[in-house]
2 protein chains.
Amino acid sequence: MPTIKDIAKAAGVSPASVSRVINNGPKVGAKTREKIKRIIREMEYQPNANAQAINMQNNASIGIVLADLTDPLFAKMAHGIEKVAAEQNLQIFLNSGAFDRASELDAIEVLLEHRYQALVVHSAMIDDKTLIDFARKVPGLVLLNRYIKEIEDRCIWLDDKLGGALMADHIVEKGHQKIAVIGVDGILNNTRYRLEGIKAQLNKYPVQFEVEMLEQGAATYEGGEVAVQNLLARGVEFSAILAYNDAIAIGATSMLKAHGLSVPKDVSVVGFNDLILAQCIKPKLTTIHNPIEEMAMKATKLALSLSKNSDLGEIESVADKHKYVPVLVQRHSVQEIS
Amino acid sequence: MPTIKDIAKAAGVSPASVSRVINNGPKVGAKTREKIKRIIREMEYQPNANAQAINMQNNASIGIVLADLTDPLFAKMAHGIEKVAAEQNLQIFLNSGAFDRASELDAIEVLLEHRYQALVVHSAMIDDKTLIDFARKVPGLVLLNRYIKEIEDRCIWLDDKLGGALMADHIVEKGHQKIAVIGVDGILNNTRYRLEGIKAQLNKYPVQFEVEMLEQGAATYEGGEVAVQNLLARGVEFSAILAYNDAIAIGATSMLKAHGLSVPKDVSVVGFNDLILAQCIKPKLTTIHNPIEEMAMKATKLALSLSKNSDLGEIESVADKHKYVPVLVQRHSVQEIS
DNA sequence: TTGAAAGCGGTACCAC
DNA sequence: GTGGTACCGCTTTCAA
């Protein structure tokens, strides 16, 4: 693999000139430039990005860490990030955490070692404190889909509490009183806030949320099946299920059917995220729209500008611009009861 | 951000010793080692991966290029790659192509510039010739989900023709004669081979495949809806649909229902890939299982070993080990007719 | 316009 | 064991 020196030699010029040509720099004679370009092509020269990075003291591409590649929400995030990267003609380097604290940490560490300046990280398993440290150390690090008060200006998050409230409100307005909730194990803040939102909203009505109505499991289709299984086995009565996400909602629906319960006739179900999935199934799922793609785009832009210019002088309130609002999408999985 | 020299100075040792400690090298006194380690921790030193790479003449992580992050099949690929990367304690750098020739090319180029030695690329839009050139230039480059005869030892692919045949065979055996096919636009080889498989198999029966039975569109849920719309609008008669993938099959199902046609009573539908989606919907989709995750794992292992040792001395036939076999999964979207 | 040379942050060989 | 130092591939002054 030829180096810049090989090219220089072959072209009878100095490495400096070759470098100038590579970077479209000024101060190179037209014919010299042409000649060098030709040689570069002939010898199939490819600049060594590592060597470049070491000199430029930075890495222009944008690094992203995703907690879990298998979550369909991921695709939307990645897509959003990709969009703005493409606009700016930047490459993205994705490092996955595989939903486990150590590998999430590892992923960030590696990106840092490669000196990526703009980092978008979607961490599910790393604790606040560690993240705060990272954020303080790396100006271009932005947290996607996570809220940490101390560094809220570096977070892009969804108002999960409102999301929970929306679900609760809708279902109560439709006359439901016995409301089961399927949450998710783990330290995810999303879960906690959504649950808080649900409880808070329920309390505004004469509907009490009892702990036995809560079932926790995996954030998947199978998780939904199991949760319903458990609910039924425990003999709890419910006319509605509020699920942590669409996959769970659909798994739940399927298991309900398996037990001869029809949705929404016997049980109403509400999902969360509004993935394409929600529209594919019968009945179409009533769910909460999660503007994750927009959020991802925003996070990317923010990371990019922070990495270039640590002082953005944001006048507007951070909360207004960094907090995104979920919205209820009514479809056909909820029925009014009396 | 401290460098190795800063650490050396602070510890009162030479950069060489620090380097040894960082790389767990031998020939460092126990106390010296401890001292250096302490300073490294105190100063929060992080090795510069770019500088390391430039010296080691290589990049240990594995680079992957995926044609399209929004395809759910992607998640499975990524997951497979991730699995083996984790086993080997390697990081993966993913660069997405966003389903467009130029960016796929770009993605490969960038990975090459960073001198990644092991590359797994899933390219949908780049032509054979270009890919062959890349493969010849880069020993550790493996093509996932693609077959190119000239470099078949560097490809991991699905027997798409067989997949098509499986679909055709199944549907004909169930008594269907009027069989519509929904394919996909673009240069994807998968489409072509599957279609060939379908036609070839159909020809073994007294069932003729007419070109008007073919509808091409996007490989998505919406694509399936549109395709059925068109089929119906064109007035073609069919009792079965063979879809390029599950998403299309589900979109088609939905549109059929919208037109008062029930699956499988009025129309039978067969999908492809056997994603989780296929089991979520009603009726559960009869489809072709695509062992893409296994394939991805294999491709990764292959890339890794090729990058280390260009001569593997594979005794077994390449085709046996690189060609994967799709299998029919019967569920409830196909009905026998007479 | 061009080239020489000093780094960038490491690694590794060679002395001691 | 430890340190000195040339060098990896490239960028960027500074002179010429």
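Protein chains get the first letters and strands the later ones, always in sequence-line order, with residue 1 at the start of each.
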_Distance, rounded to the nearest Å, where B:Met1 contributes CE and C:dC8 contributes C1'_ = 15 Å
*Specify the separation, in whole Å, of atom NE2 of A:His114 and atom P of C:dG9.*
16 Å
_For B:Asp106 and A:Gln91, which I'm curious about, is there any donor-acceptor pair between the side chains at under 3.5 Å?_
yes
_Any donor-acceptor N/O pair, A:Asn23 side chain to A:Gly25 backbone, under 3.5 Å_ = no
_So, OP1 or OP2 of C:dC8: does either fall under 4.0 Å of a side-chain N or O from B:Thr3?_
no
_Given D:dT2, D:dG3, D:dC10, the nucleotide with the shortest approach to the side chain of B:Val13_ = D:dG3
*Quick check: does any side chain N or O of B:Ser17 sit under 3.5 Å from a backbone N or O of B:Val13, one acting as donor and the other as acceptor?*
no
*Rounded to whole angstrom units, what separation is found between the NZ atom of B:Lys35 and the P atom of D:dG1?*
18 Å
_Rounding to an integer number of Å, can you tell me how far B:Lys27 NZ sits from C:dC14 P?_
11 Å
*Centroid-centroid distance, A:Phe93 to B:His114, less than 6.0 Å*: yes
_Are the side chains of B:His122 and B:Val120 in contact, using a 4.5 Å heavy-atom criterion?_
no
*Quick one: are B:Tyr116 and B:Ile108 in side-chain contact, heavy atoms under 4.5 Å?*
no
*asked:* From NZ of A:Lys5 over to P of C:dA6, roughly how many Å is that when rounded to an integer?
replied: 13 Å
*Mind running a 4.0 Å heavy-atom check of residues 39-56 of chain B against DNA chain D and sending the residues that fall below it, in number order?*
B:Ile54, B:Asn55
_Rounded distance (Å) that lies between atom P of C:dG3 and atom CD1 of A:Ile7_ = 15 Å
*Output the distance between atom CG (B:Asp153) and atom CG (B:Leu306), rounded to the nearest 0.5 Å.*
8.0 Å
_DNA chain C contacts among residues 14-25 of chain A, heavy-atom distance under 4.0 Å_ = A:Ser14, A:Ala16, A:Ser17, A:Arg20
*B:Ile4 CD1 to C:dC8 P: how many Å, rounded?*
14 Å
*Take B:Lys298 and B:Glu294 through the salt bridge (charged side-chain N to carboxylate O under 4.0 Å, His left out) test and state the conclusion after the steps.*
CA-CA 6 Å; B:Lys298 168 77 175 189; B:Glu294 274 175 67; over 6 Å; no
*Over how many whole Å does the gap from A:Arg115 atom CZ to C:dG10 atom C1' extend?*
11 Å
*With sequence neighbours left out, what residues match B:Arg33 under salt bridge (Lys or Arg N to Asp or Glu O under 4.0 Å)?*
none
